Amino acid sequence: MPTDSQSPYLPFGENKHAAWYGKDILSVKQFSREDLEYVFGVAHEMRGMVERVGTFDLLKGKILANLFYEPSTRTSSSFTAAMERLGGSVIPINEVKYSSVSKGESLPDTIRTLECYADVIVLRHPETGSAAIAAKAARKPIINAGDGIGEHPTQALLDTFTIMEELGHLDNLTVTMLGDLKYGRTVHSLARLLSKFNNIKLNYVSPDILRMPKEVMDEVAQKNIPQAEYASLEKVLPETDILYVTRVQKERFEDPADYEKVKGAYVIDPQVMQVAKKEMAVLHPLPRVTEISVDFDEDPRAAYFRQMEYGLYVRMALLAMVLGKA
Ligand code: NCD
């Protein structure tokens with residue numbers, strides 16, 4: 001039997017020996033510091049290619065299934081754009097109510113179906129651990145695009161890529177996470193990922209009922225990263241290099257009255273930001289509701305719109321990696 005690289009049917013076969021070929025991306029725990037540097041290198045090249053040529057054929061003929069059981073604008077459209085900029089195509093399943101999910105199909109069966117047609121599956125699902133369940137059922141790579149309040153690894157990768165592009169380094173940083181640290185999956189992934197760097201200090205500012213889960217804090221503590229919790233931003237804002245603002249996750253509250261109590265807890269505006277450093281950046285995974293005033297958008301430290309664009313390059317890199325083309 002000819003090997004794939006000799007096969008007349010696969011003249012442009014993928015590199016099956018590449019480290020990330022065929023792998024699932026379920027958690028930031030899978031990424032070492034070296035892996036991150038590799039992802040950032042590829043993402044940086046993707047940025048250059050998009051700026052120079054827009055679209056190119058690295059993943060020509062490959063198909064992505066974009067399976068979203070929860071609302072999404074940025075994650076779903078940036079994965080679509082990433083695949084199409086690399087010359088591939090996308091099966092979009094945003095409205096699961098119009099798919100067989102509404103007939104009672106299980107997640108593993110839906111995954112088994114989609115992998116017959118696609119080379120890679122991006123999954124967003126309301127239950128923690130769902131991406132791992134999908135990965136168990138699948139032969140093709142699964143990319144976790146948010147599993148309930150669990151993790152959002154591709155967001156944390158793009159968040160750290162943003163920090164790198166904005167500040168030029170990921171060591172020696174004081175990072176302050178603000179808002180809903182209990183239900184916000186992006187901060188669960190980001191805190192874990194940042195704990196792989198040197199001389200990082202993490203501040204968590206939240207209402208008492210929305211504190212960072214103990215499980216995440218325990219994991220970060222194992223890496224000897226100093227962490228401190230606060231109810232108010234005042235004390236820590238002047239020392240902050242990265243302010244990571246999050247939306248209060250209304251849809252995840254068991255009691256709507258609790259949401260009402262904390263929904264407007266923090267608002268970042270030009271006045272609040274007067275005491276912050278000149279050289280720092282404000283990030284937000286978006287969508288925002290009221291936690292960052294639009295009056296702050298023109299400030300050079302407001303990096304959240306650039307952050308969305310960086311997401312495209314990181315997702316291009318990840319797709320190329322798991323499909324053996326990087
Ligand atoms: C985040 C998410 O879905 O967790 N959004 C995103 O992917 N950019 C944050 C949020 O919904 O608040």
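In listed order, ligands and their atoms are each counted from 1. As the structure is a computational prediction, the values presented were derived from the model and not from experiment.
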ask   = Do you know which of Val236, Leu243, Leu237 makes side-chain contact (heavy atoms from CB on, under 4.5 Å) with Val205?
value = Val236

query = What atoms of ligand 1 come closer than 4.0 angstrom to any heavy atom of Thr75?
reply = 6 (C), 7 (O)

note = Judged by heavy atoms only, the candidate from Arg74, His152, Arg247, Glu70 nearest atom 11 (O) of ligand 1 is Arg247

inquiry  = Here's a test for you: under side-chain contact (heavy atoms from CB on, under 4.5 Å), which of Glu239, Met177, Glu229 qualifies with Asn203?
reply    = Glu239

remark   = When Asn198, Asp241, Asn199 are each screened for side chain to side chain donor-acceptor pair (under 3.5 Å) with Asn172, the one that passes is Asn199

request  = Check the side chains of Asp159 and Tyr310 for a donor-acceptor pair under 3.5 angstrom, ignoring hydrogens and angles.
outcome  = no

Heavy-atom neighbours of Glu251 CD exceed 12 at 6.0 Å = yes

message = Give the atom numbers and elements of ligand 1 that come within less than 4.0 Å of a heavy atom of Thr186.
response = 1 (C), 4 (O)

inquiry  = Tell me the nearest of Gln249, Gln155, Arg185 to atom 12 (O) of ligand 1, using heavy-atom distances.
reply    = Gln249

message = Any nitrogen or oxygen of Leu286, side chain or backbone, less than 3.5 Å from one on ligand 1?
response = yes

ask   = At the 4.0 Å heavy-atom cut-off, does Arg124 count as touching ligand 1?
value = yes

